[in-house]
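Small disclaimer: the values here were computed from a predicted structure and weren't measured. For reference, positions follow the sequence shown, starting with 1.
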Amino acid sequence: MSSVIDFLERMGSEAHWRHASENELELALVQADIAAPERSAILAKDAAKLQALLRLRPLFAMQTPPDEEGDEDEGEEDEGDDKHEPNGQRLSSPTSLLQHA
């Protein structure tokens, strides 16, 4: 696997590979001793197939905003939890501060 990663790193850092012919690329892959399945995935520009062959998984995750129902529940809890400072002003919860920012 490291030879594939090394080859792809070298390809990305050398501009002439961008316009290399398929034959030149295939010759470079053979010379780098890249196995046939990985070679065909690289030549086909099939990232998903190459990731599967190398048993790699994406290194990112999607973040989603909280659902609206969860936001309403938090607001209801804040109403029941009225905390006041000694001068009579209501203390703000961290979530209410974020909502007003």
Show every donor-acceptor pair shorter than 3.5 Å between a side-chain atom in residues 40-47 and any protein atom, with sequence neighbours excluded, or say none if there are none.
{"unit_1": "S40", "atom_1": "OG", "unit_2": "A36", "atom_2": "O", "d": "3.4"}
{"unit_1": "S40", "atom_1": "OG", "unit_2": "P37", "atom_2": "O", "d": "2.9"}
{"unit_1": "D46", "atom_1": "OD1", "unit_2": "A48", "atom_2": "N", "d": "3.4"}
{"unit_1": "D46", "atom_1": "OD1", "unit_2": "K49", "atom_2": "N", "d": "3.1"}

Assigning hydrophobic clusters by single linkage (Ile, Leu, Val, Met, Phe, Trp, Tyr; side-chain heavy-atom cutoff under 4.5 Å), is M11 placed with L53? no
Which value, rounded to the nearest 0.5 Å, describes the distance between E22 atom CD and L29 atom CG? 10.0 Å
What is the distance from atom CG of L8 to atom CG of L54, rounded to the nearest 0.5 Å? 8.0 Å
More than 12 non-hydrogen atoms from neighbouring residues, nucleotides or ligands closer than 6.0 Å to CD on E14, yes or no? yes
For A32, the side chain to side chain contact (heavy atoms under 4.5 Å, CB included) test, sequence neighbours excluded, returns F7, I34
By side-chain hydrogen bond (donor to acceptor under 3.5 Å, both in side chains), Q31 pairs with (sequence neighbours left out) none
Locate the shortest heavy-atom distance separating E26 from R39; write the atom from each residue and the value. O-CD, 4.4 Å
Check whether L25 and V4 end up in the same hydrophobic cluster, where Ile, Leu, Val, Met, Phe, Trp and Tyr are linked by side-chain heavy atoms less than 4.5 Å apart. yes
How far apart are the closest heavy atoms of A20 and E24, and which atoms are they? CA-OE1, 3.3 Å
Run the side chain to side chain contact (heavy atoms under 4.5 Å, CB included) test against S13 and tell me which residues pass, sequence neighbours left out. none
